[in-house]
Asks: 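A single structure is presented below for examination.
Note that the structure is predicted; figures quoted are calculated from it, not measured. Every chain is numbered from 1 and lettered A, B, ... according to where its sequence line falls, protein lines coming before strand lines.
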There are 2 protein chains.
Amino acid sequence: MSLAETAGLLADRTRAAFCLALFDGRAWTAGELARHAGVSASTASEHLSRLVTGGLLVEERQGRHRYVRLSGPAAAQLIESLAAFTPDTATPAGLRESTRLGAEARARTCYDHLAGQLGVSVAAAALERGLVTEEAGLAVTEPGRRWFAELGIDLAALRKSGSRPLLRSCLDWTERRNHLAGAAGAALCSRALDRRWVERIGSGRALTVTAAGRVAFADLLGIDTAAT
Amino acid sequence: MSLAETAGLLADRTRAAFCLALFDGRAWTAGELARHAGVSASTASEHLSRLVTGGLLVEERQGRHRYVRLSGPAAAQLIESLAAFTPDTATPAGLRESTRLGAEARARTCYDHLAGQLGVSVAAAALERGLVTEEAGLAVTEPGRRWFAELGIDLAALRKSGSRPLLRSCLDWTERRNHLAGAAGAALCSRALDRRWVERIGSGRALTVTAAGRVAFADLLGIDTAAT
DNA sequence: GCAACACTTCGGCCTCCGCCGAACCGTGCC
DNA sequence: GGCACGGTTCGGCGGAGGCCGAAGTGTTGC
C-alpha cells in the first residue's frame, strides 16, 4: 500500500460521494449508497469492496444487507483534511467539528438517537446487561424486548411499520465507540425526551441530563450520569 | 474542484513522490524532482503544472529554473494524514513531527541552514534591513554583500564554486514563514556554529543560542534572542 | 417451494491518463 | 553570435479503471 494508492481510493467521484455520505458516522447499506451516488448496484458493490480492502471502510453483513461505515477516526481525519483543502466543498454534515465542544461531547442527538458519552454508556450498559447482543450484527435479545416493553416501546410494531432496521450501530467520533441507532435507538431517544430524562440545550443537538434522568438511567441501566 | 479531484492530485506514484520529497519544506527545481522520481523532464513538467493548478504547490520562476514548494500548512496537513493512514509508508523525513517539541521550535538546523524562530527572525531582519530583497525571487543586495563580507563570507566565490543557488527561501512549518536557505544561508549557519553563536543540543537538529550569540545577533541584525 | 430482493461476478465498452521522445523556447555563459 | 542547458508543448502509445447489463448467489417472506 503506497500513499498514491491510498489517495486513489478517494480519487473517484463515486467513491468520494460514498465517503462523504458515510462521514455522518452512520452505517449505510450498499443499496442506499448506490442510490445516493446515482450508480448501479454492481458499480457500487465494486467500489465498496475497494474501499473496504483499502481499510477506509469496514463492513458488517446482516442477512442480505451489507452495512458499511468509516473504519475509524483515522479515516475520518483523512477525509476531513481532504475536504478542508478542497476550496468549495461544502463541509460534510458530520459531527466532528461540533462535537469537540464540551456540551455536545457529553450528550447529544445524532439524527434521532442518543450519542456522546451518554449514548455510548447506554449502548455499553445494554450490551453488558444482555439487552442487546453483538453476535452477527446488533440485535435485541428476549430480555431486551421486555425491557423496551416496560418503557412502552413495542418492538414488534416498530419492525412491522417500516423498512428501517430495528437496531444498528453508529460510530461515535467523540468517544470512538458505538452507540445505538435504528428504529429502536430512535424510539429510546424520543422516550427519553418525552419523559424529560434529557432536554435540548437551545436549538442544537446538545442535550442535558435532568435530575429525573439521572435517576432513570441509574435504575434502568445502572449508569452513573453524575459527571454527564 | 471536487474532493475526488483533490485526491486525484495525489493518486499517482510520481506526483506522490514529488510531494513526499517536498515535505522537507525546501524548494526543489523541476529537474531535481524528475531525477528523484525517475521520470523524464517532460513528464515531471506536466505533473508539476497539475499540482500547482490544484493549489498543492506554489512555484517561483528564477531564470531558467522553476522552483516549487508545498503551498502551505494545509497542503502539508493533507499529505500527513494520507501518510498517517497508509500503513507502511515511511514517515516522511520532514520537520513537522519533531518541531512540535519546544527546543527545535526555537532554533534548529534545516539541512545546513538556520530554521525555527531564530531562522525566521534572521530572515525577517535581513529583509527589513535591506540586506536581501524579495523582488523577483530572493537575492542579496549590495549592502547585503558587504554585510556578508564583514563576516568573512565571500559571496562571489560562493556563486562561482557550485551550481547551487546563492539564496533561496525555505518554508518553516513551525513558524509558517520563510527562512534563508541556499549557499549563503548555509554559509551563515556554519559561521554561526564556528563562532559559537549557536551550539547543537545533543546529536539532533536542535540548537541553543549562546551568550556570545545573543550579543552577535543583536549587533548584526538587531534581534532580541533573550526568549530563544 | 416460489417469488422478491440485496448484492456480487463477469464480460465488454470506452474514456482517461501517465509515459516517452522529438521539437521548441528562453536563459545564461563563453 | 553560438552553444549548453532547463523547462515546455505536442503527438502517439498502452494500460488502468469506471461504467453498465446480464447472469448468478444467498436471504427473506409468503
Asks: Rounding to a whole Å, what distance do you find between A:His65:NE2 and D:dT27:P?
Replies: 13 Å
Asks: Atom CD of B:Glu59 and atom C1' of D:dT8: how far apart are they, to the nearest Å?
Replies: 12 Å
Asks: Please check: side-chain N/O of A:Ser45 versus main-chain N/O of A:Ala41, any donor-acceptor pairing under 3.5 Å?
Replies: no
Asks: Any base atoms under 4.0 Å from B:Ser49, or only sugar-phosphate, or nothing? Heavy atoms, all strands.
Replies: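 Answer is nothing: B:Ser49 stays at 4.0 Å or more from every strand.
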Asks: Is the shortest side-chain heavy-atom distance between B:Arg69 and B:Tyr67 below 4.5 Å?
Replies: no
Asks: Counting only N and O atoms by type, is there a donor-acceptor contact under 3.5 Å from the side chain of B:Arg145 to the main-chain atoms of B:Val140?
Replies: no
Asks: Is there any protein nitrogen or oxygen under 3.5 Å from a nitrogen or oxygen in nucleotides 23-30 of chain C, and what are the pairs?
Replies:
unit_1 : atom_1 : unit_2  : atom_2 : d
C:dT27 : O2     : B:Arg64 : NH1    : 3.1

Asks: Does a donor on one side chain sit under 3.5 Å from an acceptor on the other, for A:Ser49 and A:Arg66?
Replies: yes
Asks: If I take atom CZ in residue A:Arg61 and atom P in nucleotide D:dT27, what distance separates them, rounded to the nearest angstrom?
Replies: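 Going from CZ in A:Arg61 over to P in D:dT27 covers 11 Å.
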Asks: On the nucleotide D:dG6, are OP1 or OP2 found under 4.0 Å from the side-chain N or O atoms that B:Arg66 carries?
Replies: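 It does not, given that no N or O in the side chain of B:Arg66 lies less than 4.0 Å from OP1 or OP2 of D:dG6.
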Asks: Is the backbone N or O of A:Trp147 less than 3.5 Å from a side-chain atom of A:Glu150, with the two atoms forming a donor-acceptor pair by type?
Replies: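 The answer is no, because no donor-acceptor pair under 3.5 Å joins these two groups.
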Asks: Whole-Å distance between C:dC7 C1' and A:Tyr67 OH?
Replies: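 In whole Å, C:dC7 C1' and A:Tyr67 OH are 13 Å from each other.
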Asks: So, A:Thr133 side chain and A:Ala139 main chain: donor-acceptor pair closer than 3.5 Å or not?
Replies: no
Asks: Evaluate side chain to side chain contact (heavy atoms under 4.5 Å, CB included) for B:Leu155 paired with B:Ile153, printing each intermediate quantity in order.
Replies: CA-CA 6 Å; B:Leu155 295 183; B:Ile153 298 171; 4.0 Å; yes
Asks: Listing time: all N or O pairs from protein to nucleotides 17-21 of chain C that are below 3.5 Å?
Replies:
unit_1 : atom_1 : unit_2  : atom_2 : d
C:dG18 : OP1    : B:Arg15 : NH2    : 3.2
C:dG18 : OP2    : B:Arg15 : NH1    : 3.2
C:dG18 : OP2    : B:Arg50 : NH1    : 2.7
C:dG18 : O5'    : B:Asp12 : OD1    : 3.4
C:dC19 : OP1    : B:Thr14 : OG1    : 2.8
C:dC19 : OP2    : B:His47 : NE2    : 2.3
C:dC20 : OP2    : B:Ser40 : N      : 3.1
C:dC20 : OP2    : B:Ser40 : OG     : 3.3
C:dC20 : OP2    : B:Thr43 : OG1    : 2.8
C:dG21 : O6     : B:Ser42 : OG     : 3.0

Asks: In terms of side-chain heavy atoms, does A:Ser40 have a donor or acceptor partner in A:Thr43 at a distance below 3.5 Å?
Replies: yes
